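Down below is the structure, laid out as structure tokens.
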Amino acid sequence: MREIRFSHKAKIVVIRKVGNKIRDSVYQKIQWALKKYGLIGRFNTTVSPFNLTHRKI
């Protein structure tokens, strides 16, 4: 979040174990982590295409 606060781009690595679809194995895990840390409200999410973008506050 420090990088995002200073308007820098942040990169996230997701290691995929198994899943039939990216939605099932990666996209939902990223959303799960954002919810766990109370950050989901700070991001706009779209499914087509899969995209998570930090909202400018």
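As the structure is a computational prediction, the values presented were derived from the model and not from experiment.
With R55 contributing its side chain and G41 its backbone, the two residues share a donor-acceptor pair below 3.5 Å.
Looking at V47 and Y27, their side chains come closer than 4.5 Å, going by heavy atoms from C-beta outward. Side-chain contact between Q28 and W32 is absent, with no heavy-atom pair separated by less than 4.5 Å.
Note: H54 and F43 have perpendicular aromatic rings, judged against thresholds of 30 and 60 degrees for the angle between ring planes.
Rounding to the nearest 0.5 angstrom, the gap separating the CD1 atom in I40 from the OG1 atom in T45 is 5.5 Å. Taking CD of Q31 as the reference point, atom NZ of K36 lies at 16.0 Å (rounded to 0.5 Å). Here the OG1-CG distance, from T46 to L52, works out to 7.5 Å after rounding to the nearest 0.5 Å.
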